[in-house]
Amino acid sequence: MSPILVSRRSFLTLAGASVIAAGAGLVGLAPKQAQASGRKNYLIAITTTLAPFEFTDENNDFVGIDVELLRGVAKHAGFDYTLQKMTFDSALVALGVDQVDGFMGAVFITDERKKKYDFSDPYYMAYDCCGAKKGGSVKAMEDLAGTTVVCTAGAHATRWAESIKGKYGFNISYVSSPDLMYQGVLADQFSACFQDYPILQYGAQQGNGLEVIAKSDEGSAAPFGFAMGKGKNPELLADFNRGLAAMKTSGELDAIVNKYLGA
């Protein structure tokens, strides 16, 4: 077995996360290892805290827009893959050190990130938004004056919050995950939170106790893309874009998005 495969397996063992195979249905197959069919197999990081893009259902199976999109792309492009559950930040680190081949995680494509990572063609455009406790005292951005809001460190919506905190007079506290952010607002530790609009809106529709009080302007909308290590996987990049183009042309991508978010 080659050293790089040993390194990746050691990483997965230390990470303590479960590996779930997709495509050919082979569990624990090392990334890039040749299969009997001769098809390529990629190790793809995924997070499970960004519904409706990726989360787990009552059977602990991966579901969501990104999960179904990846399945369709792989079918059209003719490759297999293995999903590796990680936190958002851990997945980006893993891409940088070549521990995973790609990351499917509602990742905004930004100029700053493009310096470190390669991205597929965009598959979804998203706004930022501000959410507060449903039925609480915060109903509009003006109500945030003199309060502390919470953001996820490094998130796209966090940049919007930082750009307007002077205008609305609030302070910002940072946490490591959306779950902690939501819990802080519901527990009245923070007045509001900032998140990607489709993610926060979906959670509100599912009864998570929050409501959207404001959305960023049209000019702030940014695309989601499939992320890869910079210059590390040109073949995967080409495969993904080919499959994505087929999904767009056939209408399958629109059908998946509409399934979770409505037309």
Handout entry: Nearest-0.5 Å distance that lies between atom CE in Met181 and atom CD in Gln189
Key = 13.5 Å
Fill in the blank from the handout: CE (Met86) and CG (Asp89) are apart, to the nearest 0.5 Å, by 12.0 Å
Practice task
Could you tell me if the ring centre of Tyr42 sits under 6.0 Å from that of Phe79?
Solution key: yes
Handout entry: Heavy-atom closest contact (Ala51 atom, Ile199 atom, distance)
Key = O-CG2, 3.3 Å
Handout entry: Main-chain N/O of Met247 paired to Ser250 side chain as donor or acceptor, under 3.5 Å
Key = yes
Exercise for the section: Please round to the nearest 0.5 Å and tell me the distance separating atom CD1 of Ile46 and atom OH of Tyr81. Expected result: 8.5 Å
Practice task
Output yes when a side-chain donor or acceptor of Asn258 lies under 3.5 Å from a complementary backbone atom of Asp254, and no otherwise.
Solution key: yes
Problem - Heavy-atom pair of closest approach, residues Leu200 and Cys130 - result: CD2-C, 4.1 Å
Handout entry: His156 and Asp128: side chain donor to acceptor below 3.5 Å
Key = yes
Problem - Check ion pair Lys232-Asp98 (N to O, under 4.0 angstrom) - result: no
Handout entry: Exam field: side chain Thr249 to backbone Ala246, donor-acceptor pair closer than 3.5 Å
Key = no
Fill in the blank from the handout: Shortest non-hydrogen pair, Thr47 vs Thr49, comes out as OG1-OG1, 3.5 Å
Problem - Stepwise side-chain contact (heavy atoms from CB on, under 4.5 Å) test for Met141 and Ile164 - result: CA-CA 10 Å; Met141 298 294 283; Ile164 61 174; 3.4 Å; yes
Exercise for the section: Over all heavy atoms of both residues, which pair between Gly105 and Phe88 is shortest? Give the atoms and the distance, please. Expected result: O-CE1, 3.3 Å
Exercise for the section: Determine yes or no for a side-chain-to-main-chain donor-acceptor pair under 3.5 angstrom, with Asn233 supplying the side chain and Glu235 the backbone. Expected result: no
Practice task
Tell me, please, which residues at least two apart from Arg159 pass side chain to side chain donor-acceptor pair (under 3.5 Å).
Solution key: Glu112
Problem - Nearest atoms (heavy-atom pairs only) where Glu211 meets Gly135 - result: OE2-N, 3.7 Å
Handout entry: Donor-acceptor under 3.5 Å (Thr87 side chain, Ser90 main chain)
Key = yes
Handout entry: In one Ile/Leu/Val/Met/Phe/Trp/Tyr side-chain cluster, 4.5 Å: Val212, Leu261
Key = yes
Practice task
Treat each ILVMFWY residue as a node, draw an edge where side-chain heavy atoms are under 4.5 Å apart, and state whether Phe103 and Phe62 are in one component.
Solution key: yes
Problem - Hydrophobic cluster membership, Leu144 vs Tyr182, 4.5 Å side-chain cutoff - result: no
Problem - Side-chain heavy-atom pair Thr48, Glu54 within 4.5 angstrom cut-off - result: no
Problem - Min side-chain heavy-atom separation Leu95-Val100 under 4.5 Å - result: yes
Practice task
Say whether Phe194 and Leu186 are linked into one hydrophobic cluster, either directly or through other cluster members, by side-chain heavy-atom distances under 4.5 angstrom.
Solution key: no
Completion exercise
Residues at least two apart in sequence or cross-chain that pass side chain to side chain contact (heavy atoms under 4.5 Å, CB included) with Ile172, listed by chain then number, are Val149, Cys151, Ala161, Glu162, Lys165, Phe170, Tyr174
Handout entry: Pairwise side-chain contact, Cys129 with Gln201, heavy-atom cut-off 4.5 Å (strictly under)
Key = no
Practice task
Taking the six-membered ring for Trp and the full ring for Phe, Tyr or His, determine whether the centres of Tyr127 and Tyr197 are under 6.0 Å apart.
Solution key: no
Handout entry: Output field: ring centroids Phe53/Tyr202 closer than 6.0 Å
Key = no
Handout entry: Check: Val185 main-chain N/O paired with Lys133 side-chain donor or acceptor under 3.5 Å
Key = no
Problem - Over 12 foreign heavy atoms within 6.0 Å of NZ, Lys134 - result: no
Exercise for the section: Answer whether the closest heavy-atom distance between the side chains of Glu142 and Tyr168 falls below 4.5 Å. Expected result: yes
Problem - Which atom of Val138 lies closest to which atom of Ser191, heavy atoms considered - result: CG2-O, 3.8 Å
Handout entry: Asn208 (side chain) donor-acceptor with Leu210 (main chain) under 3.5 angstrom
Key = yes
Fill in the blank from the handout: One should read off an interatomic distance between Asp217 CG and Trp160 CH2, to the nearest 0.5 angstrom, of 8.0 Å
Listed pairs under 3.5 Å, donor-acceptor, residues 64-73 side chains, sequence neighbours left out:
residue: Asp66; atom: OD1; partner: Tyr123; partner atom: OH; Å: 2.8
residue: Asp66; atom: OD2; partner: Ala106; partner atom: N; Å: 3.0
residue: Asp66; atom: OD2; partner: Tyr123; partner atom: OH; Å: 3.2
residue: Glu68; atom: OE2; partner: Lys259; partner atom: NZ; Å: 2.7
residue: Glu68; atom: OE2; partner: Tyr260; partner atom: OH; Å: 2.7

Practice task
Starting at NZ of Lys248, measure out to NE2 of His76 and round the result to the nearest 0.5 Å.
Solution key: 13.0 Å
Exercise for the section: Give a yes/no verdict on a cation-pi contact between Lys230 and Tyr117, requiring under 6.0 Å between NZ or CZ and the six-membered ring centre and an angle within 45° of the axis. Expected result: no
Exercise for the section: Establish, yes or no, whether a centroid distance under 6.0 Å links the rings of Phe108 and Phe224. Expected result: yes
Handout entry: side-chain contact (heavy atoms from CB on, under 4.5 Å) between Phe226 and Leu244, intermediate numbers included
Key = CA-CA 10 Å; Phe226 176 63; Leu244 178 60; over 6 Å; no
Handout entry: Lys40 bridged to Asp80 by N-O distance under 4.0 Å
Key = no
Completion exercise
In this structure, CZ of Arg242 is separated from CG of Asp121 (nearest 0.5 Å) by 12.5 Å
Practice task
Give a yes or no on whether the backbone of Ala77 and the side-chain of Asp239 come within a donor-acceptor separation of less than 3.5 Å.
Solution key: no
Exercise for the section: Using the side-chain contact (heavy atoms from CB on, under 4.5 Å) rule, take Ile44 and Thr82 through it: C-alpha gap first, then chi angles, then the decisive distance, then the call. Expected result: CA-CA 6 Å; Ile44 308 299; Thr82 301; over 6 Å; no
Practice task
Count the heavy atoms belonging to other residues, nucleotides or ligands that lie under 6.0 Å from NZ of Lys139, then report whether that count exceeds 12.
Solution key: yes
